[in-house]
Amino acid sequence: MNDAPPTLAGTRRLGWLLALPKLAIVLLVAALLSLLALLHHNEQDEERAALIKDVLWLEQNLRFHLSGNEEQLQQLALDMAETGEAQRLFRLRAGHMLKNAPDIAQILWLDAQRRVIDALPSPLPPEQDKETFGPTATADAFERARLLSKASYSEPFLLPGGRAHIAMLTPVFAERRLTGMLLAVYPLEALLSSQVPWWFTEKYNVEIVDDNDVRYATKSRIAGPGNQSYDIPFDPPGYGLKLRVTSYRTPDNWLPRLLIAAIIALAGGVFWSLWLVRDLMRKRSRAEEALRAEHAFRAAMEDSLTVGMRARDLDGRVIYVNPAFCRMTGFTAEELVGAAPPMPYWAPEQMEQTYAMHQTVLAGAAPQDGFEITFMRKDGERFQALVYEAKLIDGKGKHTGWMASVLDITERKHAEELARQQQEQLQFTARLVTMGEMASTLAHELNQPLAAIASYNTGCLNLLAQEATRAEDLRPALEKIGHQAQRAGKIIRRVHDFVRKSEPKRAPCAIGEVIEDCLGFIEPEARKRQVRIDCRIPPLPPVLADRVMLEQVLLNLIRNGMDAMADTPVRDRMLKLSAMEEGGQLRIAVTDNGCGIAPEIRDRLFTAFFSTKPDGMGIGLSICRSIVEFHRGRLWSEDNPDSPTGSGTIFAFTLPLEAP
Ligand code: ADP
């Protein structure tokens with residue numbers, strides 16, 4: 001099919017057209033999602049910055065607090081070294097310190113050999129405490145404080161109960177000699193709970209961990225998974241301890257999620273509508289394709305038509321002509337479309353009739369079975385057109401004009417005329433043939449009056465030779481001569497009438513007279529063939545017919561009947577002529593008692609040149625039928641049921657009875 005390439009191109013273009021918005025939507029969704037991600041990232045960054053700031057603040061706060069305590073303890077150490085009442089001073093100041101710093105669980109006073117001299121709040125630590133603070137957990141820190149002559153922190157250690165502690169040791173020097181050590185014990189939990197403010201714990205979880213992520217203390221108010229965390233060294237005390245602050249996940253922020261969901265839903269919606277549009281466009285392009293194919297098909301059909309098509313609107317203006325109509329008239333479609341009466345193809349000499357017919361068509365009264373009209377080609381040549389008009393109905397069922405199919409029937413008319421002339425010629429020839437066949441009988445018929453005239457003439461001459469003859473005596477003989485001459489003249493006139501070549505013309509004629517004339521013609525032959533003719537014709541109304549043609553039909557049928565009775569016994573050679581009125585028609589029948597018609601040839605009787613006779617031409621019945629049909633009647637044959645011989649035929653024909 002030649003419409004395949006446009007289809008392929010169309011589909012490709014459609015694909016492109018649909019791919020572009022899809023791509024745009026994907027890009028838009030990607031842009032929106034990355035915007036959201038960026039916002040989220042920024043938020044995280046901000047959160048982290050706030051976290052770091054808060055952590056730094058907390059670390060600083062702890063450091064201040066510890067160093068404050070450190071200073072107080074150092075001051076106490078100094079004062080204790082200088083005073084004689086060291087124990088009283090220790091008790092007073094340590095008690096004071098414990099009151100101000102609730103995170104310090106205990107303050108101990110050790111001697112240079114790490115034995116506990118005094119301790120607050122418990123007066124003297126139990127034995128295990130001695131062990132704990134003395135040689136083991138704080139031994140390193142003790143040594144460092146002694147060596148560095150300044151405060152030092154211990155590693156975290158666990159006390160019974162499993163709670164982690166650290167200790168801060170401050171050496172007491174008297175005259176450059178280590179005389180003792182002050183030791184403040186911080187339970188790490190208590191340190192956190194006293195130093196981390198409430199608002200901090202609302203936001204963060206604070207932990208103290210070491211390098212191995214062993215957790216020593218924690219403070220938080222809210223449970224739940226963490227979001228971001230930040231580690232900062234917890235120094236002092238050092239030893240790889242870290243403050244780990246984890247921000248809580250902020251309560252679910254539904255707005256971004258809602259936004260993402262909305263974006264995805266909208267994108268989905270757009271894809272869905274695109275899909276619908278694609279479906280619609282596909283359907284449309286399919287419909288367009290079908291329309292194109294239909295249009296091409298129609299155009300091809302219209303171009304191949306040999307029938308001219310012409311459409312006019314309700315005002316009679318030409319709105320469409322097909323190529324065949326253009327070829328027929330010689331005008332182009334551009335010249336014809338839009339034309340209003342008088343049309344360029346109307347013949348000027350028939351303008352009035354054509355315009356009247358045009359009005360009839362517009363009034364919706366055009367003949368159903370078409371009408372003939374003379375049109376004119378562009379070169380002035382006239383042609384006969386057969387036009388069928390039909391209503392033009394649009395897609396909504398509205399009557400919008402008239403569609404005509406126009407056939408150029410000039411050729412057909414010409415052929416018909418030729419056929420008619422040939423038929424006429426044939427009829428004429430047939431009549432001549434009939435005459436030829438009847439010539440001897442007619443000659444014999446003519447001979448009788450001529451012989452009578454001759455003998456009367458001799459009689460007259462004889463009378464004239466006698467002297468006594470009066471003119472009066474000659475009268476009867478002369479009258480007889482005249483009568484015989486008329487009889488001969490009549491025979492000649494009949495022959496002349498019959499063979500005269502004339503145009504068929506219909507005139508009212510009485511069928512009785514026509515039959516009588518025929519009988520006058522045929523009687524001599526009937527006598528010769530010993531056929532009796534039974535003819536009883538009632539008075540009948542006249543028929544509109546060509547008399548000579550009717551005679552020709554009757555003569556043919558009568559002669560055929562007589563031919564058929566050639567072998568019939570003489571007594572049965574009877575030919576019956578009848579005529580009667582029947583259902584508004586005249587029915588004329590020729591009945592014989594002849595040989596009848598064999599069923600196998602009945603169908604072929606009326607075909608030209610069919611004959612069963614050795615010298616027959618076989619055109620008689622065919623001419624009879626065309627003459628009867630020319631008079632809008634019917635000719636047929638049937639068996640004669642009343643024949644005394646058992647066989648015989650009736651040839652009957654009808655003629656319409658109508659007012660002339
Ligand atoms: P043709 O008389 O020259 O044969 P027609 O056309 O008049 O030609 O008749 C054709 C044939 O029809 C005849 O040869 C004959 O066989 C048959 N036919 C015609 N009229 C009769 C009839 N009355 N009875 C029997 N046969 C007939």
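Whatever order the structure lists them in is the order used to number ligands and atoms, beginning at 1. Counting from 1, the numbers follow the sequence of the chain as shown.
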Q: Look at atom 14 (O) of ligand 1 and say which protein heavy atom is nearest, naming residue and atom and giving the distance to 0.1 Å.
A: Thr612 N, 2.8 Å

(Q) Below a 4.0 angstrom heavy-atom separation, can you tell me which part of Val590, side chain or backbone, both or neither, approaches ligand 1? (A) neither

**Q.** atom 6 (O) of ligand 1: nearest protein contact (heavy atom, Å)
**A.** Leu621 N, 2.8 Å

Q. Among protein heavy atoms, which sits nearest to atom 2 (O) of ligand 1, and what does the distance come to when rounded to 0.1 Å?
A. Lys613 NZ, 2.6 Å

Q) How about Phe521 and Phe498: are their ring centres within less than 6.0 Å of each other? A) yes

**Q.** All pairs passing ring-ring contact (aromatic ring centres under 6.0 Å, His included) where residues 398-439 contributes a residue, at least two apart
**A.** His399-Trp402

Q | Flag: protein heavy atom within less than 4.0 Å of atom 18 (N) of ligand 1 | A | no

Q: Go through ligand 1 atom by atom and flag the ones less than 4.0 Å from a non-hydrogen atom of Ala564.
A: 22 (C), 24 (N), 25 (C)

Q.
Would you say that more than 12 heavy atoms from the other residues, nucleotides or ligands in this model lie under 6.0 Å from the CD of Glu411, or not?
A. no

Q | Gly596 touching ligand 1 at heavy-atom level, < 4.0 angstrom | A | yes

Q. At a non-hydrogen distance cut-off of under 4.0 Å, which region of Ser611 contacts ligand 1 (side chain, backbone, both, or neither)?
A. both

Q. For the side chain of Asp592 and the backbone of Thr649, is there at least one donor-acceptor N/O pair under 3.5 Å apart?
A. yes

Q.
Among all protein heavy atoms in this structure, tell me which lies nearest to atom 26 (N) of ligand 1, with the distance rounded to 0.1 Å.
A. Ile597 CG1, 3.6 Å

**Q.** For atom 22 (C) of ligand 1, closest protein heavy-atom neighbour
**A.** Phe651 CE1, 3.7 Å

Q | Identity and distance of the protein heavy atom lying nearest atom 20 (N) of ligand 1 | A | Asn560 CB, 3.3 Å

**Q.** Least distance between heavy atoms, Arg634 atom then Val628 atom
**A.** N-CG1, 3.2 Å

Q.
So that I know where these two stand, are Tyr345 and Phe325 an aromatic pair - ring centroids less than 6.0 Å apart?
A. yes

Q | Atom CD of Gln368: over 12 foreign heavy atoms under 6.0 Å | A | no

Q.
With respect to Asp592, determine whether any N or O atom, backbone or side chain, lies less than 3.5 Å from an N or O atom of ligand 1.
A. yes

Q) Closest approach of Val361 and Ala366, non-hydrogen atoms and distance? A) CG2-CB, 3.8 Å

Q: Please list, chain by chain and in numerical order, all residues satisfying salt bridge (Lys or Arg N to Asp or Glu O under 4.0 Å) with Asp313, sequence neighbours excluded.
A: none

Q) Taking 4.0 angstrom as the limit, do Glu472 and Arg475 come out as a salt bridge? A) yes

Q | Name of the residue among Gln359, His358, Glu352 meeting side chain to side chain donor-acceptor pair (under 3.5 Å) with Tyr355 | A | Gln359

**Q.** Identity and distance of the protein heavy atom lying nearest atom 11 (C) of ligand 1
**A.** Phe610 O, 4.0 Å

Q. Do any nitrogen or oxygen atoms of Cys595 come within less than 3.5 Å of a nitrogen or oxygen of ligand 1?
A. no

Q. Of all the heavy atoms in Gly618, does at least one lie under 4.0 Å from an atom in ligand 1?
A. yes

Q: Looking only at protein heavy atoms, identify the closest one to atom 12 (O) of ligand 1 and say how far it is in Å.
A: Leu605 CD2, 3.3 Å

Q) Relative to the heavy atoms of Gly616, which atoms of ligand 1 are at a distance of less than 4.0 Å? A) 3 (O)

